[in-house]
Amino acid sequence: MPELPEVETVRRGLTDLVAGCRIKSVEVRYQKMINLSADDFNKALVGRTIDKIDRRGKYLLIRISGGLTIVSHLRMEGKYDVEPEGTPVGKHTHVIFHLMDGRQLRYNDTRKFGRMNLVDTGNEMTVAGLKTIGPEPTESDLKLDYMVKIFGKSRKVIKPFLLDQSNIAGLGNIYADEVLWMSKIHPEQPANTLSLDEIKILRKNIINEIQKAIAGHGTTVHSYSNAYGEAGSFQNQLSVYGREGQPCLRCGTPIVKIKLAQRGTHFCPACQIVHGDKDD
DNA sequence: ATTTGGTCCTGCCGGC
DNA sequence: TGCCGGCAGGACCAAA
């Protein structure tokens with residue numbers, strides 16, 4: 001479920017809760033979750049320390065002493081929590097890291113879409129998804145000339161284009177709808193027909209929106225929670241996502257919901273109009 | 001090469 | 001109430 005701001009919130013939570021902790025053993029209850037056998041995964045991690053947690057796009061990079069990294073992707077519903085030993089284990093708990101201090105770091109995932117890959121640190125980029133990941137949506141990493149270049153060569157409509165992590169890392173279904181609404185760009189506008197001004201505005205809105213969402217500890221819809229089990233607050237600041245039929249906050253026109261590339265897509269049919277090409 | 005569609009999973013909600 | 005289709009903040013992979 002989580003997009004970049006939610007993953008960053010989880011990263012910070014995990015850092016506070018388990019950085020520096022030593023692993024007693026690892027229990028894997030759903031084999032498909034990991035890239036090794038349960039036994040090999042456990043053997044590689046026993047006695048090692050969780051040094052720190054990094055992030056790249058929506059991927060958590062859990063740094064383990066001895067030169068290992070667990071690349072963890074939460075996909076739709078993955079969640080971490082920390083419980084004392086003995087707390088009843090839910091049916092959606094798939095991996096349990098038993099810590100020396102008596103606590104457990106648990107990975108829960110209702111739909112079992114999440115994945116963990118244990119690799120040698122430095123080989124993260126061999127994990128599918130990280131191989132081709134695009135720049136972070138920040139002022140320093142997301143360069144305007146890069147955007148102009150990649151937008152210019154794709155005829156794909158903008159909404160699925162923004163969801164493609166190889167173009168820009170970190171945007172998901174909610175923030176893609178939000179930044180397009182803010183930028184007054186129709187979700188079906190082909191990427192290569194955006195004007196330079198539109199690309200500039202979109203870039204600024206992406207960077208600002210992600211930053212603000214991180215500051216608000218992410219967006220909570222459905223049952224998402226961070227490593228503290230807390231809900232984020234940013235859902236109170238959403239302008240179009242989940243607002244089908246409600247008035248556009250700019251012009252009052254009811255927000256429309258359509259399906260694009262299998263994903264629910266919200267937009268204002270009055271503010272966000274498809275135009276012909278970049279010379280308009 | 002680029003783009004689309006099916007697939008992985010489970011639970012919930014609305015409609016009949 | 002019970003059943004069923006549709007949907008869910010993601011991304012890989014095969015196929016067009």
Side-chain angles (χ1 to χ4, degrees), chain A residues 1-10 29-35 55-60 71-79 90-95 107-117 126-134 137 149-181 187-192 206 209-210 212-214 216-226 231-245 257-266:
Chain A
M1 311 175 60
E3 305 181 35
L4 190 154
E6 293 72 43
V7 178
E8 176 60 19
T9 302
V10 171
R29 319 177 114 221
Y30 183 65
Q31 176 65 51
K32 285 178 72 177
M33 192 70 59
I34 58 173
N35 65 327
R55 180 191 55 74
R56 178 75 170 88
K58 302 176 193 172
Y59 294 81
L60 290 167
V71 179
S72 171
H73 197 299
L74 309 174
R75 294 287 184 96
M76 298 288 265
E77 310 219 4
K79 303 169 193 54
K91 68 170 170 175
H92 299 304
T93 297
H94 306 305
V95 181
Y107 178 74
N108 312 290
D109 190 339
T110 308
R111 292 171 74 183
K112 299 181 176 169
F113 282 175
R115 292 294 179 264
M116 285 182 206
N117 285 74
T126 62
V127 174
L130 281 178
K131 256 182 262 193
T132 54
I133 197 163
K149 188 182 73 186
I150 61 165
F151 278 61
K153 14 177 242 204
S154 177
R155 302 154 67 105
K156 205 194 248 186
V157 299
I158 187 69
K159 167 74 184 283
F161 183 82
L162 290 179
L163 293 179
D164 185 339
Q165 302 298 298
S166 66
N167 292 323
I168 300 170
L171 291 175
N173 208 35
I174 294 182
Y175 297 118
D177 282 2
E178 292 295 311
V179 298
L180 288 174
W181 179 84
E188 291 180 286
Q189 185 74 41
N192 65 354
I206 289 170
E209 178 72 357
I210 293 290
K212 279 170 53 191
I214 290 172
H217 304 298
T219 299
T220 297
V221 300
H222 310 301
S223 60
Y224 165 79
S225 65
N226 62 30
S233 63
F234 201 70
Q235 63 279 8
N236 302 320
Q237 296 179 52
L238 298 180
S239 300
V240 274
Y241 184 84
R243 298 193 66 248
E244 181 183 17
K257 181 177 181 183
I258 61 172
K259 198 130 207 176
L260 267 190
Q262 274 89 262
R263 311 302 302 278
T265 298
H266 310 73

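Chain letters run A, B, ... following the sequence lines, proteins first, then strands; residues in each count from 1. Computed from a prediction, not measured in an experiment: that's the story for all the values here. Basis for what follows: all heavy atoms, side chains included, without hydrogens, waters or symmetry-related copies.
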Review point. Rounded to whole angstrom units, what separation is found between the CG atom of A:Leu260 and the C1' atom of C:dG10?
Key: 16 Å

Exercise for review: Could you walk me through whether A:Leu130 and A:Arg56 pass side chain to side chain contact (heavy atoms under 4.5 Å, CB included), step by step?
Suggested key: CA-CA 8 Å; A:Leu130 281 178; A:Arg56 178 75 170 88; 3.9 Å; yes

Exercise for review: Check whether any side-chain N or O of A:Thr265 sits under 3.5 Å from a backbone N or O of A:Arg263 as a donor-acceptor pair, and report yes or no.
Suggested key: yes

Review point. C:dG10 P sits how many Å from A:Glu3 CD, rounded?
Key: 5 Å

Review point. Which comes earlier along DNA chain C counting from the 5' end, the contact point of A:Ala128 or that of A:Arg111, where each point is its nearest nucleotide?
Key: A:Arg111

Exercise for review: Taking heavy atoms of chain A and a 4.0 Å limit, find me the 5'-most and 3'-most nucleotide of DNA chain B within that range.
Suggested key: B:dT3 to B:dG11

Review point. With a cut-off of under 6.0 Å to the ring centre and 45° to the axis, is A:Lys112 in cation-pi contact with A:Tyr30?
Key: yes

Review point. Quick one: A:Gln262 CD to C:dA8 P, roughly how many Å, whole number?
Key: 11 Å

Check your understanding: Should A:Tyr175 and A:Asp177 be marked as a side-chain hydrogen bond (donor to acceptor under 3.5 Å, both in side chains) after you check the CA-CA gap, both sets of side-chain angles, and the distance that decides it?
Key -> CA-CA 5 Å; A:Tyr175 297 118; A:Asp177 282 2; over 6 Å; no

Review point. Between A:His73 and A:Tyr59, how do the two ring planes meet: parallel, tilted or perpendicular, split at 30° and 60°?
Key: perpendicular

Practice item. Round to a whole Å and report the spacing from CG of A:Leu171 to P of C:dA11. Key: 10 Å

Review point. In whole angstrom, what separates A:Arg115's CZ from C:dA11's C1'?
Key: 11 Å

Revision key, fill the gap. Here the gap from A:Glu3 atom CD to A:Glu178 atom CD, rounded to the nearest 0.5 Å, amounts to 9.5 Å

Practice item. Determine, stepwise, if the pair A:Asn173 / A:Lys159 fulfils side-chain hydrogen bond (donor to acceptor under 3.5 Å, both in side chains). Key: CA-CA 9 Å; A:Asn173 208 35; A:Lys159 167 74 184 283; 2.7 Å; yes

Study note, to complete from the structure: A:Met33 atom CE is separated from C:dG10 atom P, nearest whole Å, by 17 Å

**Study point:** From CG (A:Leu74) to CG (A:Asp109), nearest 0.5 Å
**Key:** 8.0 Å

**Study point:** Sugar-phosphate, base or nothing in reach of A:Lys257, heavy atoms under 4.0 Å
**Key:** sugar-phosphate

**Study point:** Interatomic distance, A:Leu238 CG vs C:dA8 C1' [rounded to whole Å]
**Key:** 15 Å

Exercise for review: With P as the reference atom in both, quote the distance from C:dG6 to B:dG6 in angstrom, rounded to an integer.
Suggested key: 13 Å

Exercise for review: With P as the reference atom in both, quote the distance from C:dG5 to B:dT7 in angstrom, rounded to an integer.
Suggested key: 16 Å

Practice item. To the nearest Å, give me how far apart NZ (A:Lys131) and C1' (C:dA11) are. Key: 14 Å

**Study point:** Within the 6.0 Å centroid threshold, strictly below: A:Phe151 and A:Phe161
**Key:** yes

Check your understanding: Is there ring stacking between A:Phe113 and C:dA11, where the centres must be under 5.5 angstrom apart and the planes under 30 degrees?
Key -> no

Practice item. Taking atom P in both B:dC9 and C:dC3, compute the distance separating them and give it to the nearest angstrom. Key: 25 Å

Practice item. Fill in the dot-bracket string of DNA chain C, one character per base: . for unpaired, | for a pair to another strand, ( ) or [ ] for pairs within the strand, taking Watson-Crick or G-U pairs under 3.5 Å. Key: .|||||||.|||||||

Exercise for review: Determine whether the side chains of A:Asn192 and A:Ser154 contain a donor N or O and an acceptor N or O closer than 3.5 Å.
Suggested key: no

Check your understanding: NA contact type, A:Tyr30, heavy-atom cut-off 4.0 Å: base, sugar-phosphate, or nothing?
Key -> sugar-phosphate

